[in-house]
Amino acid sequence: MMAAGWSALWSHWRRHPLQLFTLIAGLAMATALWSGVQAINGEARTSYAEAEDAVARAALPRLVNPEGPIPIAYYVALRRAGWDVTPLLEGPLRIDGSTFQVRGIETLTAVAPPTVTDGGNTDTDIGPVDILTGDGIVFAARSAQAQLEDAGGLPRIVAAEGLGPRQLITDIRTATRLLGSDGAPTSLLILPDQRPGLTPLADLVPGLEERDPVETEDLGRLTDSFHLNLTAFGLLSFAVGLFIVHGAIGLAFEQRRAMFRTLRALGLPLRQLVLLLILELGAITILGALIGLALGYLIAALLLPDVAATLRGLYGAPVEGGLVFRPLWAAAGLAMAAFGAGVAAAEGIWRVARMPILTGAMPRAWALASTRTLRRQGVLAVLLSVLALVLATMGSGLVAGFVMLGALLVAAALLLPIILLAVLRTAERASKGVVAGWFWADTRQQVPGLSLALMALLLALAANIGVGTMVASFRTTFIGWLDQRLASELYVTARTEDEAARLREWLAPRSEAVLPIWSVDATLGGRQGEVYGIRDHATYRDHWPLLGAAPDVWDRVAAGEGALINEQMARRLGIGIGDPADLAEDWALPVAGVYSDYGNPQPQAIVGVEALAARYPDISKLRHGIRVAPDRVNTLRAALTDDFGLPDDLIIDQAAIKSLSVSIFERTFAVTGALNVLTLGIAALAILTSLLTLAGLRLPQLAPVWAIGLTRTKLGRLEVVRTLLLAVLTAIVALPVGLLLAFVLLAIINVEAFGWRIGMAYFPLDWLRLFLLAALAAGLAALLPARRLARTPPAILLKVFANER
Amino acid sequence: MLVSLDNVIKAYPGDAGDVRVLAGVSLTLDHGQTLALTGESGSGKSTLLHLVGGLDAADAGRIVVNGVDLLGAGDAARAELRRLTIGIIFQQFNLIPSLTTADNLAFQARLAGRHDKAWLDEVATRLGLSEHLGKYPEELSGGQQQRVAVGRALASRPSLLLADEPTGNLDEATGDAVLDLMMGLVRDTGSALLMVTHSERLATLCDGRRHLSAGQLT
């Protein structure tokens with residue numbers, strides 16, 4: 001019985017392969033972009049783990065030898081003097097075409113080795129003896145374990161938690177052997193909590209330089225914003241794909257209503273019919289999802305190099321752009337596809353389950369929405385708009401922000417057919433001539449059938465405008481902010497206080513300004529932050545990115561009577577201009593200004609450098625920003641190297657960093673651009689599939705007009721014009737929706753997620769380009785069905801009037 | 001007794017309150033019997049056929065088909081009865097458009113688990129459909145489609161055949177041909193036939209004849 005029922009249901013798809021294609025394509029597209037984005041996010045997070053580990057390693061200050069490896073004698077001298085230092089031997093190791101970063105640690109003095117996950121036994125049997133004797137042990141991420149074991153020639157590989165996929169940790173003895181080194185460490189880590197009263201390092205090991213840990217967390221935060229964008233895009237694409245799925249499933253259910261009734265009349269029980277429909281949906285979903293996963297993997301593989309480049313730029317860590325297949329990712333993609341298909345088909349299955357056998361063969365095409373349906377849509381749209389408004393005014397938190405975003409988009413989509421019908425009705429009333437009157441009336445009749453595809457187009461366009469505006473606003477703000485924050489042409493760090501003093505004296509006549517960059521760690525509003533001291537200079541007065549300020553802000557800061565705080569601190573503590581800002585236990589200054597500080601997760605304050613130095617006399621005074629004419633940067637840099645012997649990494653050309661940052665930004669959002677195009681492509685596919693599936697249903701409407709005297713070619717042309725018109729009208733509705741979306745992203749989501757607000761900028765040329773692209777996509781989508789119509793043989797059109805039909 | 005209706009009542013909601021189309025109808029039909037049901041349009045003939053087929057439920061009374069009391073039967077039991085005991089020939093054919101003639105013919109037999117290739121071939125031959133087995137319904141004429149509907153109903157060798165205006169959409173000659181085939185097959189399979197028809201001429205071909213008027217059988 002089930003087999004017979006199954007064959008009958010499937011025969012529909014055999015006879016309507018285009019519909020099946022539409023359904024599978026919709027599912028595949030929805031799954032592809034969503035899972036592609038998830039693959040990118042997942043891979044990026046893995047890379048972050050590696051990068052963050054590198055950062056964590058750098059979070060300890062270290063001693064390095066500018067000449068090369070550190071002689072063992074230095075290490076011995078430091079240990080004997082009571083300094084708690086541990087040697088580190090690092091270097092790249094090429095294995096099977098992949099580069100791994102080997103880090104050899106001195107097992108007895110270093111921080112604990114990684115937690116072993118081998119065999120799920122964290123209470124491992126691996127002890128120091130195993131690490132120190134024989135061939136030793138190499139700790140690696142589980143993902144790298146198999147590859148390394150296959151490679152051979154390595155000691156025992158043990159999977160460990162918290163390691164990047166290209167990172168190996170081992171004892172320094174084993175690392176020496178693997179790297180072919182002579183065993184001299186590449187650096188000495190200075191462990192925390194040193195004993196007081198130790199002989200200064202400069203006296204003990206004058207040839208070594210102390211390097212501060214690298215601070216990368218600020219820029220790292222930018223990636224959160226990036227991933228948020230990707231996720232939002234993935235969700236939107238998924239929603240757009242679901243519109244296609246919903247349309248295809250709805251049409252298939254409607255076309256098979258008679259078949260369902262016949263099946264039941266012939267003895268197939270309702271429960272079995274519903275079960276068969278669910279099984280059918282499941283089979284199609286699996287097929288669509290598998291194709292979607294393959295496409296998603298491809299998309300991720302294509303886009304990942306950009307993400308990897310971003311990471312390399314942001315973290316300065318070697319991150320490979322390769323993609324690793326993860327079963328969990330595939331399972332999540334399948335689950336998402338199943339969820340989407342379930343949502344899209346729920347209404348159809350529910351209708352079948354409630355459909356009496358003898359329901360008359362009502363000529364109610366599924367696509368034809370009744371006035372009652374439109375009214376219901378309108379009411380729902382109003383309710384969702386009210387919900388969005390309530391959340392905007394009273395809600396808080398990211399979830400509320402996203403719910404509001406969803407409510408807004410769905411409300412706009414629901415309102416679209418109502419708006420289009422109103423516009424078309426007005427045009428119909430104003431039209432003159434029979435053909436024009438028919439055209440408007442017929443277009444109005446097409447709206448319900450095309451409404452799902454047009455809603456998909458609206459969402460795609462609104463997402464493009466919204467996210468595009470956000471990215472462009474972010475870009476404008478970010479570049480302006482970089483210009484402001486990186487105003488100094490050179491940043492120079494001295495190795496000692498004495499050298500710093502000499503540098504200042506030397507630089508004074510050779511530069512336009514020497515701006516101290518001195519800071520202390522501080523607890524601001526209960527969180528770890530920093531207080532910076534700055535000199536009163538035009539560089540700050542002209543460039544510093546102030547969001548709000550007292551009239552005499554710079555005078556007050558220079559006089560030590562006011563402090564600038566970053567936006568995050570102001571928002572988190574709820575303080576503004578004139579409010580006291582606690583900078584230390586017994587030190588508070590009124591807020592004179594609030595500045596933007598994108599990418600920094602921590603609170604920060606700026607005071608006059610004299611006030612800071614007076615408060616902290618022992619403050620490190622090593623770092624300086626140098627203002628100099630751009631054409632003299634290289635000369636000054638060379639002179640600094642010659643006269644002071646400063647290594648390259650202590651003289652930073654910030655113009656180069658700025659250029660790198662901008663290029664990273666561009667590459668980062670190139671991914672967003674690619675997703676923009678893909679989402680629009682899916683919307684175009686939605687229109688194409690809707691037009692193709694509706695083409696057959698159109699014949700009874702067009703045949704009488706053809707019989708009266710309109711040629712098939714003219715009818716075909718009118719079909720293209722109709723689609724273009726609807727696409728343009730949809731684009732016009734999408735503009736305010738997209739801008740609203742951008743506003744919500746910039747003013748609510750970003751603020752909730754990161755604590756900073758970015759001003760919204762408008763880019764009309766981008767909109768125009770997008771509109772043209774949408775019209776082009778819709779025009780192309782309309783071309784095929786229109787061409788078909790223009791070439792429909794008269795015999796087919798005549799069938800409409802025949803009794804056989 | 002294969003079919004037994006006792007004081008069956010059925011009403012539909014109308015503008016001026018419920019309209020009783022069947023007002024206490026009683027009827028019996030045994031194996032091998034053929035019965036024509038005549039009446040004006042809207043007299044409730046199709047409704048009566050649907051009630052016997054378990055496609056609709058009566059408001060009151062008792063309907064027993066092949067020992068199954070339809071008033072107390074759920075959807076699964078009614079479906080089983082239709083699948084295993086009854087063959088229905090619809091006025092509008094109700095063929096499955098995406099299946100070929102051969103698949104349509106075999107469909108109910110497959111559903112009932114009684115697929116018999118030799119019998120199916122014989123039915124197709126006797127109905128003159130052998131040349132059209134690979135065609136889809138839309139490629140067949142009205143008469144051919146009606147013959148497929150008849151063949152589908154008979155292919156599972158049902159005990160009871162319900163036919164709703166089986167020749168209503170056909171011209172007289174084609175209708176007679178289809179009916180001849182149907183009656184012949186009914187006799188050969190020993191089925192009982194309950195046929196709704198407008199045609200006095202066709203009604204005379206059956207063993208018995210009942211007229212439905214004002215909700216009552218005469």
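A note on names: the letters A, B, ... follow the listed sequences, proteins ahead of strands, and every chain is numbered from 1.
Of the residues considered (B/His50, B/Glu80, B/Arg110), B/His50 shows the highest number of contacts with chain A, using heavy-atom pairs under 4.5 Å. Each of B/Ile88, B/Thr100, B/Ile96, B/Asn104 has some count of heavy-atom pairs under 4.5 Å with chain A, and the biggest count is that of B/Ile96. When A/Gly267, A/Gly5, A/Pro269 are compared by the number of non-hydrogen pairs under 4.5 Å with chain B, A/Gly267 comes out ahead. Contact count versus chain B (heavy atoms, under 4.5 Å) is highest, among A/Thr262, A/Leu263, A/Leu266, A/Leu270, for A/Leu266.
The minimum heavy-atom distance linking A/Arg14 with A/Pro17 is given by the pair O-CD, 3.6 Å.
Residue contact with chain A, scored on non-hydrogen atoms closer than 4.5 Å, involves the backbone and the side chain of B/Leu99 alike. Neither the backbone nor the side chain of B/Arg78 comes within contact range of chain A, judged by heavy atoms closer than 4.5 Å.
A donor-acceptor contact shorter than 3.5 Å is absent between the side chain of B/Asp6 and the backbone of B/Gly61.
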(message) Before you tell me yes or no, could you show the steps for B/Lys117 and B/Glu122 under salt bridge (charged side-chain N to carboxylate O under 4.0 Å, His left out), namely the whole-Å CA-CA distance, both residues' side-chain angles and the distance that decides it to 0.1 Å?
(response) CA-CA 9 Å; B/Lys117 177 88 172 54; B/Glu122 188 184 332; over 6 Å; no
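No more than 12 heavy atoms of other residues, nucleotides or ligands lie within 6.0 Å of CZ in A/Phe339, so this atom counts as exposed by the packing criterion.
With a 6.0 Å cutoff to the six-membered ring centre and a 45° limit on the axis angle, A/Arg15 counts as a cation-pi contact of B/Tyr136.
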